[in-house]
**Q** 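I have a structure I would like to understand better, so I am pasting it below and will then ask my questions one at a time.
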Amino acid sequence: MKRLFVFLSITILAVQIQAQDKYFTKTGKISFDATTSKSPENIDGVNKTAICVLDTKTGNLQFSVLMKGFEFERALMQEHFNENYVESNKFPKSEFKGTITNNASVNYAKDGTYPVKVKGSITIHGVTKEIVTDGKIIVKAGKINAVADFSVALADYNIAVPSLVADKLAKTASIKVDCVLEPLK
Amino acid sequence: MNRKKRIIYILLVLLVIAIVGGFYGYKEFNRKNESLTDATPAFKVKSTDLISEFAADEKAANTKYLGKVVQVAGIVKKLDKDDKGFYTVVLGDTSSMSSVRCSVDSLFTAEITSVKPNAPVFMKGICTGYMADDLGIGADVILNRCVLVKD
């Protein structure tokens, strides 16, 4: 009986350890900002329904975000964003697939803030590019907060900026990622 | 004299047009996203049917639903609260990994907390697309700026 109990506990423990390799969220925050010093208003939007999955064992990291889910303060700006710039009917989704290159230096079992380097490919507006960026992994109370801040040049992704607004809309947009991941059960 | 009058008249008309135009432009520029409480849904659909439509043909479903106001009837699987205090009502069949995720308009946070799991509800929101299950976490249809529909 005792042996059975020990066996069962070990099995349960093993299953739990295995299950906790993967962390995910379906409510990740991704925001972007393309405001210039000459902009009469802030050109920024936020998406609260980004998906993020992180495999802590391998450092594999994936993001997926629906372009129509970006919310703007001004409705007109949101319409222009969708219709004229990212053409969200044609390209509804943006994705990132990559890895944390220094994954070994992150101790996911211990609370703390760990600087990370992330490398991978990002797809926006149907164009895929390789990117490398710095980020942070913040481990706290069994949850993982993945934070990154990087910029993309709109021209790289075939997003044309009409000359009329060229001095009001930045040529590079800064993108902020803030995802709180929970263990995948 | 007659000619002078006519010029003044034309100038006045132009001024009125400029004021109306300017006012319209200003209002349009500052237009906010309105809450969907009074919006008429383009489609009324069951959550499970919406999921199967996207699963069967994502492209066709995108053409049909993207950016449209959709009213979904479904059973609440759970009510998610995220780290920033935003709520998501997850609708669908509890035996399935797939769901319709209704990201709730933050103006309606207070009323959404009354939603209980396993209860049938109607939610109305803008369909922003489909996340296929290529990551092993279930496929989802996403609705944004959702409000609870009371009958």
Side-chain angles (χ1 to χ4, degrees), chain A residues 21-29 31 40-41 45-55 60-80 82-83 87-95 97 138 140-141 143-145 178-185, chain B residues 24-35 54 58-59 61-68 70 78-90 97-107 125-146:
Chain A
D21 282 348
K22 277 196 176 171
Y23 284 74
F24 84 109
T25 184
K26 292 185 175 184
T27 54
K29 315 285 178 294
S31 56
E41 60 204 318
V46 62
N47 188 307
K48 302 184 295 212
T49 57
I51 282 183
C52 173
V53 177
L54 167 67
D55 187 333
N60 281 339
L61 187 62
Q62 275 203 41
F63 290 94
S64 210
V65 67
L66 294 166
M67 298 314 274
K68 285 237 191 276
F70 277 95
E71 291 175 50
F72 292 71
E73 198 194 326
R74 290 193 163 87
L76 192 64
M77 203 186 280
Q78 188 165 328
E79 283 155 23
H80 289 168
N82 281 301
E83 286 158 22
E87 298 179 271
S88 58
N89 278 329
K90 234 159 117 192
F91 309 104
K93 204 183 283 179
S94 287
E95 280 179 315
K97 285 180 188 167
I138 302 159
K140 202 180 167 194
K143 290 183 182 178
I144 297 173
N145 188 5
D178 182 358
C179 294
V180 176
L181 313 178
E182 294 183 25
L184 179 62
K185 281 164 205 145
Chain B
Y24 175 78
Y26 178 76
K27 276 205 55 168
E28 181 65 9
F29 175 74
N30 281 305
R31 181 164 54 91
K32 301 276 185 280
N33 277 316
E34 273 180 52
S35 105
F54 271 95
E58 187 180 342
K59 239 186 175 158
N62 271 342
T63 313
K64 183 173 171 188
Y65 291 112
L66 272 199
K68 304 268 169 54
V70 181
K78 58 174 178 166
L79 182 64
D80 258 3
K81 187 186 181 188
D82 74 5
D83 55 298
K84 304 276 192 292
F86 296 116
Y87 283 91
T88 304
V89 179
V90 185
M97 283 278 275
S98 302
S99 314
V100 175
R101 295 183 61 88
C102 308
S103 178
V104 178
D105 187 330
S106 53
L107 289 174
I126 308 267
C127 185
T128 62
Y130 181 64
M131 295 285 199
D133 186 17
D134 44 10
L135 301 166
I137 53 174
D140 296 300
V141 179
I142 315 285
L143 300 190
N144 214 9
R145 291 169 50 213
C146 289

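Chain identifiers are assigned alphabetically (A, B, ...) following the order of the sequence lines, protein sequences preceding nucleic acid strands; residue numbering begins at 1 within each chain.
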**Q** What distance do A:Asn145 atom CG and A:Ile138 atom CD1 have between them, rounded to the nearest 0.5 Å?
**A**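 Between A:Asn145 CG and A:Ile138 CD1, I get 4.5 Å after rounding to 0.5 Å.
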**Q** Atom OG of B:Ser98 and atom CG of B:Asp140: how far apart are they, to the nearest 0.5 Å?
**A** 7.0 Å
**Q** Could you look at B:Asn33 and say if it's the side chain, the backbone, both or neither that has a heavy atom under 4.5 Å from chain A?
**A** both
**Q** Is it the backbone or the side chain of A:Glu41 that comes under 4.5 Å from a heavy atom of chain B, or both, or neither?
**A** side chain
**Q** Checking side chain to side chain contact (heavy atoms under 4.5 Å, CB included) for the pair B:Phe86/B:Ser106: CA distance, chi angles, key distance, verdict?
**A** CA-CA 6 Å; B:Phe86 296 116; B:Ser106 53; 3.7 Å; yes
**Q** At a heavy-atom distance under 4.5 Å, which candidate from A:Met77, A:Arg74, A:Lys48, A:Glu79 has the highest pair count against chain B?
**A** A:Arg74
**Q** Between the side chains of A:Lys26 and B:Asp80, is the shortest nitrogen-to-carboxylate-oxygen separation below 4.0 Å, so that they form an ion pair?
**A**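 A salt bridge is absent here (no side-chain N lies under 4.0 Å from a carboxylate O).
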**Q** I need the residue from B:Ile126, B:Thr63, B:Asp83 with the largest number of non-hydrogen atom pairs under 4.5 Å to chain A.
**A**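 Greatest number of close heavy-atom pairs with chain A: B:Asp83.
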**Q** Measure A:Asn47 against the heavy atoms of chain B and call it side chain, backbone, both or neither at under 4.5 Å.
**A** neither
**Q** Chain A: which of B:Glu28, B:Glu34, B:Lys59 shares the most heavy-atom pairs with it under 4.5 Å?
**A**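 Maximum pair count with chain A is reached by B:Glu28.
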**Q** Set out, in order, the CA-CA distance, both residues' side-chain angles and the distance that settles side chain to side chain contact (heavy atoms under 4.5 Å, CB included) for B:Asn62 and B:Phe54, then state yes or no.
**A** CA-CA 8 Å; B:Asn62 271 342; B:Phe54 271 95; 3.4 Å; yes
**Q** How about A:Lys140: does its NZ atom have over 12 heavy atoms from other parts shown lying under 6.0 Å from it?
**A** no
**Q** Just so I understand: if I count every heavy-atom pair under 4.5 Å between each of B:Ile137, B:Ile142, B:Leu143 and chain A, which residue has the most?
**A**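 Top option by heavy-atom pairs under 4.5 Å: B:Ile137.
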**Q** Drop me the distance from A:Phe63's CZ to A:Thr25's OG1, to the nearest 0.5 angstrom.
**A**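 Between A:Phe63 CZ and A:Thr25 OG1, I get 10.0 Å after rounding to 0.5 Å.
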**Q** Under 4.5 Å heavy-atom distance to chain A, tell me which part of B:Asn144 shows up: side chain, backbone, both or neither.
**A**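 Only the side chain of B:Asn144 comes within 4.5 Å of chain A.
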**Q** For A:Lys29, is it the side chain, the backbone, both or neither that has a heavy atom under 4.5 Å from a heavy atom of chain B?
**A** side chain
**Q** Side chain, backbone, both or neither: which part of B:Phe29 has an atom under 4.5 Å from a heavy atom of chain A?
**A** both
**Q** Please state whether the side chain, the backbone, both or neither of A:Gln62 comes within less than 4.5 Å of a heavy atom of chain B.
**A** side chain
**Q** Check this for me: A:Lys97, atom NZ, are more than 12 non-hydrogen atoms of other residues, nucleotides or ligands nearer than 6.0 Å?
**A** no
